[in-house]
Amino acid sequence: ATTHPLWPQIDKLTMEQLGYAQQGVEGGVWQLFAEEGEMKMYRRELEEGGLVVDPLKAVHQVRGATAHEMAHHFWSPDVRFEWDTSIEQMTVLDRISEDTLVFLQLHKRVWPTAQRDALFWSHIRKIPPSDPANADAHDTWIVCNQSTDHPDAPKDEKVVRVELTVCFVCQTFLDPPPAEGEAPTRDNLLTKITYCSVVNPGGWAPASVLRAVYKREYPKFLKRFTQYVVDKCAAQPINF
Ligand SMILES: O=S(=O)(CCO)c1ccc(-c2ccc(C3CCCC3)c([C@H]3C[C@H]3c3ccccn3)c2)cc1
C-alpha cells in the first residue's frame with residue numbers, strides 16, 4: 001500500500017537503483033574480476049571503517065526466460081531455498097504490500113568470520129517501456145533489496161547483521177523476433193540482467209577472506225539462479 005511509512009523510501013531507492021544499474025561499466029572505475037560465458041562480474045575496491053564493502057555489478061544475458069520470470073523468482077520467498085545456497089534460515093517478517101516483503105535471512109557461516117544475518121525489505125516492480133527507444137525491449141522488471149529495521153526481528157548476540165543494498169534489473173528482448181504473425185516461443189527470448197550489490201559485513205572480517213568469498217560465491221550464485229529459472233520455466237507458458 002502506498003500509504004505505508006516505508007513507501008517513500010522504497011519508491012525513491014528503487015528508482016535510484018534502476019538508474020545505477022543502467023549506468024555502464026566504462027570509465028575504468030569498475031574492475032572485471034570474473035567472466036563466464038555471457039556473465040561478466042565487476043567490482044570496485046572500497047573499504048569503510050576498515051571493512052571491505054566492495055560494490056559489485058554483474059551483467060549477464062540468458063535465453064529462454066523473461067524478465068518477469070527472472071525477477072519474480074528472485075523476489076519470491078517460496079522458491080528462495082531452491083536456488084540460494086548461501087542461506088540457512090529465511091523468514092518473511094512482514095508483507096508491506098503485495099509487491100514488498102520484509103525478509104530475515106540467516107546466512108551460512110563463512111569461516112573464520114562470525115555468522116551473518118540480513119534483514120531487508122524486498123520490492124518488485126515492472127517498469128513499462130517509457131520511450132520508443134525501448135521498442136525492442138518488452139519491459140523492464142526490477143527487484144530492490146534494502147536493509148531495514150523491524151521490531152519483530154530477533155537479535156542473536158552471536159550473529160552479525162550485514163547492511164545490504166541489492167538491485168536485480170531484467171529486460172526481455174525478442175531476439176530473434178518471431179516470424180511475421182507468429183507468437184513468440186522461448187527461443188525468441190533474450191533477457192539481459194544487471195545485478196548490483198553492496199554488502200557491508202557489519203562487523204570485522206578479514207579483507208582477504210571477504211574478497212575471496214565474493215570472488216567464489218557471486219559468480220556461482222548468479223549462474224545457479226539464472227539456470228534455475230530457465231530450467232523451471234522451460235515447459236511453462238511464457239509469462240511476460
Ligand atoms: O542478492 S540477495 O539479496 C539474494 C537474497 O539472499 C543477497 C546476496 C548476498 C548476500 C550476502 C550476505 C552475506 C555475505 C557475507 C558477508 C560476510 C560473510 C557472509 C555475502 C557475501 C559472501 C558473499 C556471497 C555472495 C553471494 C552468495 C553468498 N555469499 C552475501 C545477501 C543477500
Which atom names give the shortest non-hydrogen contact between His73 and Val229, and what distance separates them? CB-CG2, 3.7 Å
For the residue pair Gln9 and Gln146, confirm or rule out a side-chain donor-acceptor distance under 3.5 Å. no
Taking side chain as C-beta onward, heavy atoms only, is Thr113 less than 4.5 Å from Pro206? yes
Matching residue for Glu82 among Thr85, Val79, Asp84, Asp78 - test: side-chain contact (heavy atoms from CB on, under 4.5 Å): Val79
How about Leu210 and Pro201: do any of their side-chain heavy atoms sit closer than 4.5 Å? yes
Is the side chain of Lys215 donor-acceptor paired with the backbone N or O of Phe33 at a distance under 3.5 Å, no angle test? yes
Any side-chain heavy-atom pair of Arg43 and Tyr218 under 4.5 Å: no
Measure up the Phe225 and Tyr228 rings against each other and bin them: parallel (under 30°), tilted (30 to 60°), perpendicular (over 60°). tilted
Do the charged groups of Glu217 and Lys108 touch, with an N to O distance under 4.0 Å? no
Ring centroid separation for Tyr195 and Phe221, is it under 6.0 angstrom? yes
Has the side chain of Asp11 got a donor or acceptor atom that lies under 3.5 Å from a matching backbone atom of Pro8? no
Decide if atom CG of Asp149 counts as having more than 12 heavy atoms of other residues, nucleotides or ligands within a radius under 6.0 Å. no
Testing Phe168, Trp75, Trp141 one by one against Met70 for a side-chain contact (heavy atoms from CB on, under 4.5 Å), which residue passes? Phe168
Should we count CD of Gln61 as having more than 12 external heavy atoms under 6.0 Å? yes
Look at atom NZ of Lys12 and say whether more than 12 heavy atoms of other residues, nucleotides or ligands are closer to it than 6.0 Å. no
